[in-house]
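Accompanying notes for the structure given below.
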Amino acid sequence: MKLNKLFNTLTVAAVALLATACNDTDAQYDIPTVGAPEFVSITPAADQALIYGTKTITVSFDKNIGFATENTSKITLNGTPVKKAMVLGASKDLTITADVSFDKSQNLVIPAGLILGPQGDPYNQEINVTFTINDLPANEATAMTQKLGWGWNLGNHFDTSDMTWGYWDGATPRAELFQNLASAGAKTVRLPVTWTNHMAEGTHIIDAAYLDEVAGVVDMAIGAGLNVIMNTHHDSFEKGIAQSAKSAEQAKKDSTLIADLWQQVAVRFASYGDKLMFETFNEVHGATYDEEGKITAEDWGTGSDEQFDMLNNWNQWAVNAIRNTGGNNATRWIGVSGYAANIDLTLEHLKLPNDPANHIMVGVHCYDPYNFCLHPVDEKEDTLLVNSWGHNADPIYSVDGANEEYVINMLYKLRTNYIEKGIPCYLGEYGCVFQTTDKANAFRKYYLEFFCRAANLAGIPMFVWDNNSKTSGNEANGYIDHADGKWLNDSETMVPTMIKACTSTESSYNFQTIWDKSPAL
């Protein structure tokens with residue numbers, strides 16, 4: 001009897017314990033309700049521009065989400081289904097890939113109900129976002145853009161680093177050269193000048209007759225109503241940044257040379273008005289030398305932190321020397337460049353000099369893609385390397401990845417980093433050689449017009465490089481005769497086309513109208 005009672009008691013206890021365990025288990029695995037996701041943000045932000053090309057848009061929520069890939073076609077950009085939409089793993093982000101058109105406004109629509117929460121609850125609101133490229137800001141940078149307009153380089157004249165055979169362009173500029181430029185619609189002449197070959201060794205004194213000769217050309221250009229940007233170009237220190245960065249002794253010598261050079265140039269032109277601007281250097285970059293002092297290799301696209309820092313010092317020394325001469329030089333606009341005047345390296349490493357006048361501009365150069373713009377012919381094989389550019393280019397004889405999207409986005413980076421921040425920026429050199437075939441020249445015309453229109457969108461003034469070449473092929477950058485201003489090659493139509501593309505405010509003259517003129521293979 002007692003044993004039976006004990007058994008019954010144990011049985012009841014076991015059942016109770018089991019029930020308790022089951023209840024605990026149910027409590028442990030009870031899944032709380034988390035509800036539908038909430039929209040948090042979009043990248044790029046809705047108040048930012050979405051620039052032409054294949055772009056990624058990230059839509060973020062407050063919790064992990066789900067998305068059925070078959071619904072991709074329901075998401076549209078400007079009414080066209082996006083290319084791809086997916087959630088990568090366990091993520092709060094919907095990643096969208098879309099083709100962005102040339103339109104200044106891009107409207108993204110994600111219908112309600114496509115985005116699901118962790119438990120399948122849908123986000124039941126439409127996401128409707130418009131990205132817009134705004135007009136250029138009304139600031140000092142935009143005003144300088146309009147002042148400088150489209151310009152031209154008197155290349156390979158005063159910037160002759162070896163005077164054995166005279167000036168490389170073989171010309172003596174006359175007043176009609178600059179009058180013809182002004183009549184065509186040009187607003188600025190960039191005047192590259194080599195100074196150190198005309199300086200006395202030891203004293204650094206610039207030959208007075210040479211200074212007068214340079215001033216004579218400046219006077220003719222300004223007399224024709226043009227602005228002038230004058231620099232140091234191909235000077236002895238231009239490729240010595242690596243040595244200056246390594247040696248305190250060399251850096252001290254360079255600082256003295258730079259200060260002496262710019263002090264003399266600035267004094268000579270101190271009375272000139274604001275149509276004259278200075279540019280500290282050209283394309284400063286590193287080089288290696290052999291025991292005899294000859295260059296064995298040049299570094300155009302890499303540099304080093306030490307060289308970047310040294311170039312920032314050089315720019316500061318030049319600005320200090322100019323400002324210290326007083327007169328109109330106290331407030332004259334001064335252009336500075338980063339390593340090799342390369343756009344990306346300038347954006348990443350250039351530090352603007354301290355300037356009491358706050359009149360510093362940024363100058364960059366671009367000949368992308370190099371083999372189409374400057375070196376389309378294999379000189380050893382006497383064959384074409386590149387003969388086309390853009391969306392209709394020959395895939396074999398073109399440079400991959402350097403197309404319309406690349407150009408627009410590259411130049412727009414200058415707008416966002418400089419123009420929109422009130423810092424004037426200009427493209428001191430660009431161009432494309434006169435090609436060796438009619439087909440290649442048709443693509444050249446398309447490239448130059450498109451490139452200039454992209455600069456217009458970015459608010460960047462343009463100065464074409466001209467070395468007075470009257471041939472075709474590699475380095476054949478002749479546009480206007482350096483003596484009398486007569487047209488070279490196809491420039492009678494090409495120069496007005498570039499000027500219109502660079503400066504026109506006609507809304508109907510857009511990228512699509514240029515795109516449609518691309519030659520076919």
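- Judged purely by atom type and a 3.5 angstrom limit, N354 has no side-chain atom pairing as donor or acceptor with the backbone of Q316.
- Ring geometry for F178 versus W152: interplanar angle over 60°, hence perpendicular rather than tilted (30 to 60°).
- The backbone N or O of F237 sits nowhere less than 3.5 Å from a side-chain atom of D254 that would complete a donor-acceptor pair.
- Checked by atom type and distance alone, the side chain of D235 pairs as donor or acceptor with a backbone atom of T196 at under 3.5 Å.
- In terms of the ring-ring contact (aromatic ring centres under 6.0 Å, His included) criterion, Y418 has no residue partners (sequence neighbours excluded).
- Side-chain contact check for N180 and S183: no donor-acceptor pair (N or O, by modelled atom type) lies under 3.5 Å.
- Heavy atoms only, all atoms of each residue included: V284 and I241 are closest at CG1-CB, 3.8 Å.
- Among all heavy-atom pairs drawn from S518 and N392, the shortest one is OG-ND2, 3.3 Å.
- Side-chain N or O atoms of N312 include one that pairs as donor or acceptor with a backbone N or O of H349 at under 3.5 Å.
- Side-chain N/O atoms of T130 and N107 include a donor and acceptor closer than 3.5 Å.
- Results of the ring pair (Phe, Tyr, Trp, His ring centres under 6.0 Å) test with H234 over W195, F281, W168 single out W168 as the only residue that passes.
- In this structure, the side chain of N441 engages the main chain of Q435 through a donor-acceptor pair within 3.5 Å.
- For the pair E283/W300, a side-chain contact is recorded, criterion being any heavy-atom separation below 4.5 Å from C-beta on.
- Paired with E404 under the rule side chain to side chain donor-acceptor pair (under 3.5 Å), one option of Y446, W389, Y52 passes, and it is Y446.
- Checked against L191 for a side chain to side chain contact (heavy atoms under 4.5 Å, CB included), the options D159, V214, N231 give a single hit: V214.
- Counting heavy atoms from C-beta on, the side chains of W150 and K500 never come closer than 4.5 Å.
- Note on K351 versus D309: no salt bridge recorded, every NZ/NE/NH1/NH2 to OD/OE distance being 4.0 Å or above.
- Side-chain N or O atoms of S491 include none that pairs as donor or acceptor with a backbone N or O of W487 at under 3.5 Å.
- For the pair S504/R453, a side-chain contact is recorded, criterion being any heavy-atom separation below 4.5 Å from C-beta on.
- Note: F102 and W515 have perpendicular aromatic rings, judged against thresholds of 30 and 60 degrees for the angle between ring planes.
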Exercise answer: donor-acceptor pairs, residues 380-387 side-chain atoms, under 3.5 Å, sequence neighbours excluded:
none

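- When all heavy atoms of L488 and S469 are compared, the closest pair comes out as CD1-O, 3.8 Å.
- Between F269 and F278, the ring planes lie perpendicular to each other; the angle is over 60°, past the 30° to 60° tilted range.
- Between D466 and I480 the shortest side-chain heavy-atom distance falls below 4.5 Å.
- Note: H233 and W465 meet the aromatic proximity criterion, with ring centroids under 6.0 Å apart.
- Considering all non-hydrogen atoms of both residues, N315 and S337 come closest at ND2-O, 3.3 Å.
- The shortest side-chain heavy-atom distance between S244 and N313 does not fall under the 4.5 Å cut-off.
- We find that R444 and D490 are joined by a salt bridge, their nearest charged nitrogen and carboxylate oxygen being less than 4.0 Å apart.
- Counting heavy atoms from C-beta outward, K445 and M494 have side chains that approach closer than 4.5 Å.
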Assess the residue pair N328 and Y272 against the criterion (side-chain contact (heavy atoms from CB on, under 4.5 Å)); give the C-alpha distance rounded to whole Å, side-chain angles, the decisive distance to 0.1 Å, and a yes or no. CA-CA 7 Å; N328 290 335; Y272 283 64; 5.7 Å; no
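- T346 contributes a side-chain N or O that, together with a main-chain N or O of G338, makes up a donor-acceptor pair within less than 3.5 Å.
- Side-chain contact between N510 and K104: absent, with no pair of heavy atoms (C-beta onward) separated by less than 4.5 Å.
- Y397 and N371 share no donor-acceptor pair across their side chains, judged by distance under 3.5 Å alone.
- Between the side chain of N474 and the main chain of V377, a donor-acceptor pair closer than 3.5 Å is present.
- A pairwise comparison of heavy atoms in A357 and A330 identifies CB-O, 3.3 Å as the closest pair.
- Looking at S101 and Q106, their side chains do bring a donor and an acceptor atom within 3.5 Å of each other.
- Checking side-chain atoms of T232 against main-chain N and O of T280 turns up a donor-acceptor pair under 3.5 Å.
- Residues T160 and N156 approach most closely at OG1-O, 3.9 Å, considering heavy atoms.
- Looking only at distances, no side-chain donor or acceptor of D169 sits under 3.5 Å from a matching main-chain atom of N468.
- The shortest side-chain heavy-atom distance between R174 and Q179 does not fall under the 4.5 Å cut-off.
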